[in-house]
Asks: 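My questions all concern the structure below.
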Amino acid sequence: MKTALKVYNTLARKTEEFQPINPPFVGLYVCGPTVYSEVHIGNVRTFTSFDLIYRYLLHLGYKVRYVRNITDVGHLLDDNEEDKISKKARLENIEPMEVVQRYTVDFHKTMMLFNTLPPSIEPTATAHLIEQIELIQTILDKGLAYESNGSVYFDVLKYSADHNYGELSGRNIDELLVNTRDLDGQDDKKHPADFAIWKKAEPQHIMKWNAPWSLGFPGWHLECSVMSTKYLGTTFDIHGGGMDLKFPHHECEIAQNEAGYGCAPAKYWLHTNMLTFNGRKMAKSEGTGVTPKEMITGNHPLLTQAYSPMTIRFFMLQAHYRSTLDFNNEALQAAEKGFRRLMTAVKDLDGLKSGNTSFFTVEDWKEELYAAMNDDFNSPIAIAQLFEGVRLINLMKDQGETLTESDLAAFTSAFKTFITDVLGLTTEEENDSGEVDGLMDFILQLRNEAKARKDYATSDEIRDKLNELGFEIKDGKEGTTFSRK
RNA sequence: GGUCUCGUGGCCGAGUGGCUAGGCAGAGCUCUGCAAAAGCUCGUACAGCGGUUCGAAUCCGCUCGAGACCUCCA
C-alpha cells in the first residue's frame, strides 16, 4: 500500500497520520447509548460509522480492542426532574433495571440488523460503581473536586489553573465562565462551570448507591473515564463519539482523567456527525427521532416506503462520517437502487471467466480503494471506486472483456472483501430455500423453449406474469437470469 | 449573546488553487424478437458580491441562508 492511514483528530483540529501507541494493538473507546428508550436512526449512524472504522482497522491487521459502554445509570434531565431511566421506570411501573434490560436487548438486536460487529467489551456503568467512587475519591484527594451537600463537584476553575479545560471543544475558560447559563438549583456549586461527579439523590430518585458522600449516583461523564481506563489503560489510541458529546461530555472526561490519572485519556479523538431529518438534528429529547423499526417498516408519516437495514447502511456509508447527512425519500430510494446494482455485481463476479489478457490494472484499482479509506475513512470515495468496479465487472460479463486468472482472483477477492468485511454490506436474505431457484429454473426453461420456437406470446406472458409476482427476468448472452424486485 | 460548521447540477453526496467524483433520476445511441439488464455519450454544478492569483467552486473579506454546541443528547 502506498498511502498510510490518516485520521481527523478533533484534539489537533487536523488530519494526522495514525500511529498506534503499541502496534499492532489499538484501543478504541466509543461512547454508547443510554438505554432508556429505543435508539433512533441517528444513533445507528454513529455506531455504524464507528463500525466502519473498527472494521477497517481490523482489515489493516490491527489487533483492536473495541470498548463501547452502556449507560444504565440515569442522569439528571434538569433541575428537580428525575433522571431518564427512573422516569421511564415510574411511567411504566417497572424496575429501572427492567428498562435497562429491555432497551439493551433492543439495542443489540437493532445493531445486529445493521450488521455492526459487537464490541470486544461492552461495560455497563452500574457494574463499575466501585471504580467510579474510587476515581471521585482520587480527584477529591488531589484537591480538584469538592463536596457540597452530599454531592461532589469537579472544580473547573482550579483545574484550569494548570490545565487547558476546553482544548477539545475549542472553548476558553473565560468565555465558558461568562456564558454558562444560569440554571436554578445550582447553588451547591462554587461555580456554574463546575460539573457533578457524584450527585446526592433526591428521595424520589430510584437508582441510587451508597457512597462516602451520600446515597446518590455518579456523574455522567465519570463512567467513561473509569471504564476506558480500566479496559484500555490510562492513555489509549482512539476515543470516539458523536459530535454532540464533544462538550461537555468529552471535555469533562479529559479533565477527570487528567485530574485522576495525571494524563490525557486518548491520543486521537474522532467525532461523527449528526443525521438530520428535514434539516434538523435527530434527538430523542426533541422527539424528532425516527426509529430503525419505523424505517424498516416504512411506518412513519414522512416515509413513503420501507427501507431495508442494508439500504440504510449503504445510504449512510455514501456520506463521510464527519458530514451531516440529511434524510429524504428520494435519496433513500436512490441508495436502494444503487445498493442493489452493487450487490448484483458481487453475484455476477462468480460467473466470470478469466482470459489470456487483462484489460485494466487490478493493482491500480485496488490502490485507489485503499487510498480512499486511508484518507480518514472516506467511504463515499471507496464506494465510488467500487462502482467503477461494477462497471468493469459488467464489461467482462456482457462485452467480452477479460482478466487473467490471477488478476481475476485478486480483483474478486478485493471487491468482495471490501464490500463484506470493510463496509459490512451483506446480501439481504430473501428467505428462499432452494425451492424457488429450482422452480424458476424450470419455468425459465419452458419459456426458453417457447422462445426457441418463436412463440413470443407465451414467453412474454410468462415474463409478465413473473414480473407481477416480483421477479425480474433478464435475457442475457449467457442465458436468462432472474432477480427479485 | 458567545463559539463553530456548512451552503456543490432535479435529488443525495465527494473533492478543495489548474486534472472525470460516484449513486439515483432524465435525454440519446448500441445490443436484443420485444423488454429488462448492460455498455457508451450528454447536461457543462459549486449561495451572492468583492478581493488575492497567470488561474478559484477551492484562499481572504463582506452579505444572505441553514445548522450545531454553549443544557440531557450519538
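Keep in mind that what you see is a predicted model, and the values were worked out from it rather than measured. The sequence lines fix the lettering, A, B, ..., with proteins before strands; numbering per chain opens at 1.
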Asks: Any strand counts, and the cut-off is 3.5 Å on both contacts for Watson-Crick or G-U wobble. Which nucleotide pairs with C34(B)?
Replies: none
Asks: Give the rounded distance in Å between these two atoms: CG of L168(A) and P of C4(B).
Replies: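 For the pair L168(A) CG and C4(B) P, the rounded distance is 15 Å.
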Asks: Indicate, with a heavy-atom threshold strictly under 4.0 Å, whether L325(A) touches base, sugar-phosphate, or nothing.
Replies: sugar-phosphate
Asks: My understanding is that a pair needs two contacts under 3.5 Å, Watson-Crick or G-U wobble. By that rule, which nucleotide pairs with A47(B)?
Replies: U63(B)
Asks: What distance do I238(A) atom CD1 and L57(A) atom CG have between them, rounded to the nearest 0.5 Å?
Replies: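 Between I238(A) CD1 and L57(A) CG, I get 5.0 Å after rounding to 0.5 Å.
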Asks: Which part of the nucleic acid, if any, lies within contact of G42(A), taking any heavy atom under 4.0 Å across all strands shown: a base, the sugar-phosphate backbone alone, or nothing?
Replies: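 If one applies the 4.0 Å heavy-atom cut-off, G42(A) turns out to touch a base.
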Asks: Is the shortest distance from a Lys or Arg side-chain nitrogen in D350(A) or K416(A) to a carboxylate oxygen in the other one below 4.0 Å?
Replies: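 Answer for the salt bridge query: yes.
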Asks: What nucleotide among G22(B), A74(B), A14(B) has an atom nearest to a side-chain atom of Q318(A)?
Replies: G22(B)
Asks: Using the P atom on both, measure A56(B) against G51(B) and round to a whole Å.
Replies: 12 Å
Asks: Which part of the nucleic acid does F327(A) contact within heavy-atom distance under 4.0 Å: base, sugar-phosphate only, or nothing?
Replies: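 Here F327(A) touches no strand at all.
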Asks: Considering only the C1' atoms, how many Å lie between C60(B) and C70(B), rounded to the nearest integer?
Replies: 28 Å
Asks: Is there side-chain contact between R313(A) and L317(A), with at least one heavy-atom pair below 4.5 Å?
Replies: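 Yes, at least one pair of side-chain atoms sits under 4.5 Å.
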Asks: Please compare F339(A) and H320(A) by the position of their nearest nucleotide in RNA chain B and report the one closer to 5'.
Replies: H320(A)
Asks: Rounded to whole angstrom, note down the P distance from G10(B) over to G26(B).
Replies: 15 Å
Asks: Within the structure shown, what part of the strands sits under 4.0 Å from H40(A) by heavy-atom distance: base, sugar-phosphate, or nothing?
Replies: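 Base, at least one base heavy atom under 4.0 Å.
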Asks: Taking atom P in both C59(B) and U41(B), compute the distance separating them and give it to the nearest angstrom.
Replies: 31 Å
Asks: I need the CD-C1' distance between Q333(A) and G10(B), as an integer number of Å.
Replies: 14 Å
Asks: Please pick, from C12(B), G15(B), G13(B), the nucleotide with the shortest atom-to-atom distance to any side-chain atom of N378(A).
Replies: G15(B)
Asks: When you measure from the side-chain N and O atoms of S323(A) to the phosphate of A14(B), is any distance below 4.0 Å, counting only OP1 and OP2?
Replies: yes
Asks: Classify the side-chain pair D194(A)/H191(A) by whether it contains a donor and acceptor separated by less than 3.5 Å.
Replies: no
Asks: Return the value, rounded to whole Å, for the distance between atom CG of D326(A) and atom P of G23(B).
Replies: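 Taking atom P of G23(B) as the reference, CG of D326(A) is at 22 Å.
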Asks: Determine the Euclidean distance between corresponding P atoms of U20(B) and U5(B); express it in Å to zero decimal places.
Replies: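 The answer is 30 Å between these two P atoms.
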Asks: Do the two ring centres, one from Y268(A) and one from H239(A), sit under 6.0 Å apart?
Replies: no
Asks: Using the P atom in both, what is the distance from A21(B) to U44(B), to the nearest Å?
Replies: 14 Å
Asks: Using a 4.0 Å cut-off on protein heavy atoms (strictly under), produce a 5'-to-3' string for nucleotides 28-44 of chain B with B for base contact, S for backbone-only sugar-phosphate contact, and - for none.
Replies: -----BBBBSSSS----
Asks: Would you mind classifying the nucleic acid contact of A384(A) as base, sugar-phosphate or nothing, using non-hydrogen atoms under 4.0 angstrom?
Replies: base
Asks: Hey, does M274(A) reach any base, or is it just sugar-phosphate, or nothing, if we go heavy atoms under 4.0 Å?
Replies: base
Asks: Given A74(B), is OP1 or OP2 found less than 4.0 Å from the side-chain N or O atoms of N273(A)?
Replies: no
Asks: Partners of L117(A) by side chain to side chain contact (heavy atoms under 4.5 Å, CB included), sequence neighbours excluded?
Replies: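 Side chain to side chain contact (heavy atoms under 4.5 Å, CB included) list for L117(A), sorted by chain: D51(A), Y54(A), R55(A), L58(A).
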Asks: Expressed as a whole number of Å, how far does the C1' atom of A45(B) sit from that of G22(B)?
Replies: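 Here A45(B) and G22(B) have their C1' atoms 15 Å from each other.
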Asks: Take Y36(A) and D83(A) through the test side-chain hydrogen bond (donor to acceptor under 3.5 Å, both in side chains) and record every step on the way to the result.
Replies: CA-CA 10 Å; Y36(A) 63 93; D83(A) 75 69; over 6 Å; no
Asks: Counting only side-chain N and O atoms of K281(A), is one of them less than 4.0 Å from OP1 or OP2 of G67(B)?
Replies: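 It does not, given that no N or O in the side chain of K281(A) lies less than 4.0 Å from OP1 or OP2 of G67(B).
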Asks: Which sits closer to the 5' end of RNA chain B, F387(A) or E368(A), going by the nucleotide each is nearest to?
Replies: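 Nearest-nucleotide comparison on RNA chain B picks E368(A).
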Asks: C1' atom, A47(B) versus U58(B): distance in rounded Å?
Replies: 15 Å
Asks: Looking at H128(A) versus Y231(A), is the centre-to-centre ring distance below 6.0 Å?
Replies: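 When the ring centroids of H128(A) and Y231(A) are compared, they turn out to be within the sub-6.0 Å range.
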Asks: Among L392(A), I393(A), L369(A), which residue satisfies the side-chain contact (heavy atoms from CB on, under 4.5 Å) criterion with F415(A)?
Replies: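 So the option named by the test is I393(A).
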Asks: Tell me which nucleotide, if any, is Watson-Crick or G-U wobble paired with A21(B) when both distances must be under 3.5 Å.
Replies: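 Matched A21(B) with nothing under the 3.5 Å cut-off.
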